[in-house]
> 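Take this structure, written in structure tokens, and hold onto it; I'll ask about it next.
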Protein chains: 2
Amino acid sequence: MSPRKSVAETAATRDRIITSALALATTEGLEGLTIGRLAVDLGMSKAGVIGHFGNKEALQLAVLASAVDRFRLRVPARAVGAAPGTQRLARAFDEWIDYMAEGEGHGGCFLTSVATEFDGRPGPVRDAVLEALASWSTYVKDELRAAVESGQLPKDTDVDQVIFELDGVILAANQSIQFHRDPRAPARARRAIARLLAA
Amino acid sequence: MSPRKSVAETAATRDRIITSALALATTEGLEGLTIGRLAVDLGMSKAGVIGHFGNKEALQLAVLASAVDRFRLRVPARAVGAAPGTQRLARAFDEWIDYMAEGEGHGGCFLTSVATEFDGRPGPVRDAVLEALASWSTYVKDELRAAVESGQLPKDTDVDQVIFELDGVILAANQSIQFHRDPRAPARARRAIARLLAA
DNA sequence: CCTACCGATCGGTAGG
DNA sequence: CCTACCGATCGGTAGG
């Protein structure tokens, strides 16, 4: 009377699907991701794949949530040891740049791609991207405020302007790495970040 | 014995198709663009639409070429009157920011989207995007060099670094406008550009 | 987790 | 520029 698969096995399969889907969505986009292609890649039936999620949109949301989790574990989590303010931010951006340079289609770049892909498509996926980006902005804003309060940055710093420009550097790094495959991109990004975080 | 359509009428139809395709590709992506949907939007048959181009990839390339043309007519062409160097660049970026802020899915933003969409898909479309971006970079580089030579910018200016950061500002503006619909984005972008072009 | 199937749509062609 | 059609694939469901 035991079930065909244990709870742990089911969760492992779900993880395998998400990992494969994330890789596929990195090249094809989250909308270009298809259940049939995913099933072939995994050696499963379409019904077996989609059964874990219900429908394509739920799968998209699960892939996105997984990418956000990986990003948080890789970037902000590694910066917790640094002192609040500019040091913690410098560390976080450094980690992000490493993360982008390292793999082909890991988390951070993926979020950027999905933001572009869904900027004209209202719905739950767009909302989830918006929430992830807002969460990152809040993180940066809190650290910038701490930097201003502790005197690391001038009192009259336009925090939102700095966030805007930091964001631009990340987007430029992403494009340089993903599209142009320019090996000098990480160094350029680090230089720009350093200047924005200098007093 | 006269043909069913004159050469001029055929060209006009082709233009209508491209305009409609550009609008569709702005929300759906250049790959998400479908001949069937386009035919419905235009009140034509699928064969009537695709007959003008041959196949979908040729249509994608035509849409891209059209977007690049519009961009050139709108941005660099309007800056020719300004003095070479920082003034011309300031004017060009100003026009670009206006262009982004103005419409929903006009040229400049479109190029950025397509660059993201095709960063993992080698082929003629990616090559065409690469060429368009390279052409813009060359334009900026020439003006920056002129600015350095004429003393508008310091002799030790790292021109490629400035290009990288200018690119970041445009990408941040694009994301702020297209995704976040933030009305403060143009002002933020102009401020960042002004700082990068100041001696 | 599978097989077998559904209606809809895909890109594209033949022929006029 | 149209009608009529092709094989392939889409997301998803029924039933086990």
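Residue numbers begin at 1 in each chain, while the letters A, B, ... track the order of the sequences.
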> Which of residues 115-122 of chain A have a heavy atom under 4.0 Å from DNA chain D?
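The stretch gives none, as no residue of it lies under 4.0 Å from the strand.
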> Looking at B:A192 and A:E165, what are the two nearest heavy atoms and their distance?
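The pair with the smallest heavy-atom distance is CB-OE2, 3.5 Å.
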> Return the stems involving DNA chain C, sorted by first number, where pairs are Watson-Crick (N1-N3 with N6-O4 or O6-N4) or G-U wobble (N1-O2 and O6-N3), both under 3.5 Å, and runs are 3 or more long.
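Output for stems: C:1-16 with D:1-16.
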> I'd like a list of close polar pairs between nucleotides 6-9 of chain D and the protein, N/O only, cut-off under 3.5 Å.
none

> Name all residues meeting the salt bridge (Lys or Arg N to Asp or Glu O under 4.0 Å) criterion together with B:D119; count only those two or more places apart in sequence or in a different chain, and write none if there are none.
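So B:D119 forms no salt bridge (Lys or Arg N to Asp or Glu O under 4.0 Å) with any residue.
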> With A:D127, which residues qualify under side chain to side chain donor-acceptor pair (under 3.5 Å), at least two apart?
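Result, side chain to side chain donor-acceptor pair (under 3.5 Å) vs A:D127: none returned.
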> With sequence neighbours excluded, tell me which residues meet salt bridge (Lys or Arg N to Asp or Glu O under 4.0 Å) with B:R91.
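B:R91 satisfies salt bridge (Lys or Arg N to Asp or Glu O under 4.0 Å) with no other residue.
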> Please list, chain by chain and in numerical order, all residues satisfying side chain to side chain donor-acceptor pair (under 3.5 Å) with A:N55, sequence neighbours excluded.
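Partners of A:N55 under the side chain to side chain donor-acceptor pair (under 3.5 Å) test: none.
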> Looking at side-chain heavy atoms only, is the closest gap between A:D156 and A:V148 below 4.5 Å?
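No - every pair of side-chain heavy atoms lies 4.5 Å or more apart.
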> So B:T112 and B:Q175, do their side chains get closer than 4.5 Å, heavy atoms only?
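Counting from C-beta outward, B:Q175 and B:T112 never come under 4.5 Å.
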> Which residues in residues 35-43 of chain B have at least one heavy atom lying under 4.0 Å from any atom of DNA chain C?
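Only B:I35, B:G36 qualify.
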> Going by salt bridge (Lys or Arg N to Asp or Glu O under 4.0 Å), name the residues that satisfy it together with B:D182, two or more places apart in sequence or in a different chain.
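If we apply the salt bridge (Lys or Arg N to Asp or Glu O under 4.0 Å) test to B:D182, skipping adjacent residues, the hits are B:R184.
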> Starting from A:L130, can I reach A:V114 by hopping between I/L/V/M/F/W/Y residues whose side chains sit under 4.5 Å apart?
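Cluster IDs for A:V114 and A:L130 match.
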> By the side chain to side chain donor-acceptor pair (under 3.5 Å) test, which pairs, at least two apart or in different chains, include something from residues 57-69 of chain A?
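Every side chain to side chain donor-acceptor pair (under 3.5 Å) pair that includes a residue of residues 57-69 of chain A, provided the two are not neighbours, is A:E31-A:Q60, A:S66-A:R70.
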> Is any side-chain heavy atom of A:R72 less than 4.5 Å from a side-chain heavy atom of A:Y139?
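Heavy-atom side-chain distance check fails, nothing below 4.5 Å.
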> Write down the atom of A:A21, the atom of A:L33, and the distance for their closest heavy-atom approach.
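Reported closest heavy-atom pair: O-CD1, 3.7 Å.
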> Give me the residues of residues 48-65 of chain A where at least one heavy atom lies under 4.0 Å from an atom of DNA chain C, by number, or none.
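Nucleic-acid contacts, sorted: A:G48, A:H52.
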> Check whether any side-chain heavy atom of A:P76 lies under 4.5 Å from a side-chain heavy atom of A:W136, and answer yes or no.
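A side-chain contact under 4.5 Å exists here.
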> Atom CZ in A:R78, atom CG in A:D94: separation rounded to 0.5 Å?
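It is 11.5 Å, given to the nearest 0.5 Å.
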> Quick one: hydrophobic cluster around A:L171, which other residues, with the 4.5 Å side-chain cut-off, linked directly or via members?
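Other cluster members: B:L171.
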